[in-house]
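Residues take their numbers from the sequence shown, with the count starting at 1.
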Amino acid sequence: MSRRGDQLVINNRRARHNYSLGDTYECGIVLEGAEVKSLREGHGNLQDAYAAIDQDGEAWLHGMHISPYAFSRGDLDPVRVRKLLLHRREIDQLARATAEKGVTLVPTRVYFKDGRAKVEIAVARGKRSYDKRHALAERDAKREAERALKGLRD
């Protein structure tokens, strides 16, 4: 059986813009067979997704869209709630972190590791609009400085 290396499938760049990210956790995700094939083709979206811990102490991923696989027979809901696989200790840490006001769990990327689908979730705190503008201004200034330096080297 051939082992594939880490293969990034989905990257949630919007989460880095809208939230200041804290600790990250790698967790498995429960998927149906056709969903795995669809993810391997890159047909997934984390735009409105978030994770939550329920009263039973289980982690769930809400709002992740996986487009139906073209050659599958069964019909699955593309945005159904999917279970996340974590150790009990990690779930307890996440539950404590999200008990604080203004903190949520945001998926940052989906990838395959040794043939298994993994989701990286981060403990995130929402940014204010002026924080977003400040981050954009810093990035633009850094880009301009790099261009100026590159022009001097050539």
Side-chain angles (χ1 to χ4, degrees), residues 1-100 102-129 131-133 135-136 138-140 142-143 146-147:
M1 181 160 101
S2 67
R3 292 286 181 180
R4 299 179 196 189
D6 291 357
Q7 174 189 1
L8 181 66
V9 179
I10 307 169
N11 197 3
N12 192 357
R13 292 173 46 207
R14 200 87 185 130
R16 297 188 199 308
H17 177 71
N18 290 337
Y19 300 97
S20 56
L21 303 178
D23 297 335
T24 60
Y25 295 86
E26 176 185 81
C27 51
I29 183 169
V30 177
L31 297 171
E32 299 291 323
E35 290 176 324
V36 175
K37 290 183 176 189
S38 185
L39 265 183
R40 283 197 191 279
E41 291 181 350
H43 298 295
N45 189 351
L46 291 174
Q47 203 71 14
D48 299 323
Y50 67 95
I53 310 292
D54 66 0
Q55 290 80 17
D56 299 332
E58 294 179 338
W60 297 90
L61 185 62
H62 299 266
M64 179 181 170
H65 185 278
I66 299 177
S67 299
Y69 185 62
F71 303 106
S72 68
R73 282 193 251 167
D75 291 330
L76 294 171
D77 183 19
V79 288
R80 70 183 180 88
V81 179
R82 295 170 177 90
K83 187 173 183 176
L84 296 176
L85 305 172
L86 290 156
H87 292 285
R88 169 64 47 205
R89 177 179 42 83
E90 293 173 327
I91 291 175
D92 293 340
Q93 288 173 353
L94 290 172
R96 275 194 300 275
T98 55
E100 191 177 328
V103 176
T104 187
L105 300 175
V106 177
T108 55
R109 60 191 187 120
V110 176
Y111 56 96
F112 284 94
K113 183 176 181 180
D114 294 331
R116 291 187 166 83
K118 302 287 184 180
V119 178
E120 182 181 81
I121 58 173
V123 178
R125 184 177 300 276
K127 283 186 184 176
R128 308 232 187 243
S129 60
D131 289 335
K132 294 177 193 177
R133 285 193 300 269
L136 286 173
E138 278 182 2
R139 191 170 66 220
D140 288 344
K142 185 178 177 183
R143 189 176 296 142
E146 289 291 326
R147 282 186 189 147

Counting only heavy atoms from other residues, nucleotides and ligands, does the tally under 6.0 Å from [atom1] of [X] exceed 12?
| X | atom1 | value |
| --- | --- | --- |
| Lys37 | NZ | no |
| Asp48 | CG | no |
| Asp75 | CG | no |

State which residue, out of His65, Glu35, His62, fulfils the side-chain hydrogen bond (donor to acceptor under 3.5 Å, both in side chains) condition with Arg80.
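With Arg80 as partner, His65, Glu35, His62 yield a single side-chain hydrogen bond (donor to acceptor under 3.5 Å, both in side chains), made by Glu35.
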
So, using salt bridge (Lys or Arg N to Asp or Glu O under 4.0 Å) as the criterion, who are the partners of Arg73 when residues are at least two apart?
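With neighbours one apart ignored, the set is empty.
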
Should [X] and [Y] count as side-chain neighbours, where that means a heavy-atom distance under 4.5 Å?
| X | Y | result |
| --- | --- | --- |
| Ile66 | Pro78 | no |
| Leu46 | Val119 | no |
| Asp23 | Gln93 | no |
| Leu39 | Phe112 | yes |

Step by step, would you call Glu26 with Tyr111 a side-chain hydrogen bond (donor to acceptor under 3.5 Å, both in side chains)?
CA-CA 10 Å; Glu26 176 185 81; Tyr111 56 96; 2.4 Å; yes

Is a donor on one side and an acceptor on the other found under 3.5 Å between the side chain of Asn11 and the backbone of Arg13?
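Checking the backbone N and O of Arg13 against the side chain of Asn11, no donor-acceptor pair under 3.5 Å is found.
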
Check this for me: does any side-chain nitrogen of one of Arg143 and Asp140 sit under 4.0 Å from a carboxylate oxygen of the other?
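The answer is yes: the pair qualifies as a salt bridge.
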
